[in-house]
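Residues take their numbers from the sequence shown, with the count starting at 1.
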Amino acid sequence: MKAKWEKLIKKNMSTVNGEKHIYRPNKGITVNILLGGGEFSMRSQNLEPASPSGYCSLTETNFDIALDISQEDFLLVHKFVPDISTPNVKHTHHIPWEMIVDIIISERVDHKEVMI
């Protein structure tokens, strides 16, 4: 499962400071990760609803977020939070590769208010 997403990330994003496993969205690109909780698998015949799915949007500020593909079991999403007292505070989310349903990479469209 990892190889499929790793190929997509490498093709559409740029490495960070020469790192071979950390990628950031290119300027003007939006990245969204669709996560599934098992509702797409055929593991059981149970008719009860499966776990809820999630949607992880990396559109806040592209240069504050990085994807780390170094782990075999998880995609690491590093979010760098600007903090005056402690520079480079980082939050890391561990997303299991098998939970990723889709990674959507598209051009960012900025909507400007038009006065008529």
Side-chain angles (χ1 to χ4, degrees):
M1 192 58 86
K2 175 186 175 182
K4 172 179 153 180
W5 302 123
E6 185 176 19
K7 182 178 177 182
L8 180 73
I9 291 167
K10 286 181 177 181
K11 179 181 177 186
N12 292 286
M13 297 183 189
S14 301
T15 57
V16 176
N17 298 327
E19 294 282 338
K20 293 182 180 180
H21 60 275
I22 299 177
Y23 292 81
R24 283 199 173 147
N26 297 324
K27 186 174 182 176
I29 296 296
T30 298
V31 177
N32 294 293
I33 302 173
L34 180 63
L35 306 175
E39 67 274 27
F40 297 105
S41 72
M42 301 299 288
R43 285 183 276 176
S44 75
Q45 299 294 328
N46 192 345
L47 297 178
E48 292 180 21
S51 302
S53 62
Y55 193 70
C56 176
S57 178
L58 308 182
T59 59
E60 298 170 29
T61 14
N62 282 338
F63 295 101
D64 293 334
I65 294 174
L67 301 181
D68 184 338
I69 60 173
S70 64
Q71 302 294 310
E72 278 304 310
D73 296 328
F74 299 97
L75 169 64
L76 304 178
V77 178
H78 301 299
K79 180 178 179 185
F80 300 91
V81 181
D83 185 344
I84 296 172
S85 62
T86 313
N88 298 323
V89 173
K90 177 176 74 171
H91 300 281
T92 301
H93 301 276
H94 297 71
I95 301 174
W97 290 107
E98 67 271 4
M99 295 260 323
I100 300 173
V101 174
D102 198 4
I103 297 178
I104 304 147
I105 299 173
S106 56
E107 288 185 39
R108 177 180 283 187
V109 177
D110 292 325
H111 299 285
K112 296 183 180 179
E113 188 174 325
V114 178
M115 300 285 285
I116 298 178

Report the residues that fulfil ring-ring contact (aromatic ring centres under 6.0 Å, His included) with F74, sequence neighbours left out, ordered by chain and then residue number.
H94
Tell me, please, which residues at least two apart from E98 pass salt bridge (Lys or Arg N to Asp or Glu O under 4.0 Å).
none
All salt bridge (Lys or Arg N to Asp or Glu O under 4.0 Å) counterparts of K4, not counting sequence neighbours
none
What distance do [X] atom [atom1] and [Y] atom [atom2] have between them, rounded to the nearest 0.5 Å?
{"X": "E6", "Y": "Y23", "atom1": "CD", "atom2": "OH", "result": "7.0 Å"}
{"X": "H21", "Y": "L76", "atom1": "NE2", "atom2": "CG", "result": "8.5 Å"}
{"X": "I104", "Y": "T30", "atom1": "CD1", "atom2": "OG1", "result": "11.0 Å"}
{"X": "I69", "Y": "K7", "atom1": "CD1", "atom2": "NZ", "result": "13.5 Å"}
{"X": "I29", "Y": "N12", "atom1": "CD1", "atom2": "CG", "result": "7.5 Å"}

For [X], what residues pass the side-chain hydrogen bond (donor to acceptor under 3.5 Å, both in side chains) criterion, not counting sequence neighbours?
{"X": "T15", "value": "none"}
{"X": "S106", "value": "none"}
{"X": "H93", "value": "none"}

Any donor-acceptor pair under 3.5 Å linking the side chain of W97 with the backbone of Q71?
yes
Do side-chain atoms of K20 reach the backbone of S70 as a donor and acceptor pair under 3.5 angstrom?
no
Could you check D68 against E19 for side chain to side chain contact (heavy atoms under 4.5 Å, CB included), going step by step and ending with a plain yes or no?
CA-CA 10 Å; D68 184 338; E19 294 282 338; over 6 Å; no
Minimum heavy-atom distance between D102 and W5, given as atom pair plus value
CA-CH2, 3.5 Å
Kindly give the heavy-atom pair with the smallest separation between I65 and R24, and that separation in Å.
O-CG, 3.3 Å
Single-linkage hydrophobic cluster, 4.5 Å side-chain cutoff, L8 and I95 together
yes
Can you check whether [X] reaches [Y] side chain to side chain, under 4.5 Å on heavy atoms?
{"X": "L67", "Y": "V77", "answer": "yes"}
{"X": "L35", "Y": "I100", "answer": "yes"}
{"X": "M13", "Y": "V31", "answer": "yes"}

Taken in chain and number order and not counting sequence neighbours, the residues that satisfy side-chain contact (heavy atoms from CB on, under 4.5 Å) with D73 are none
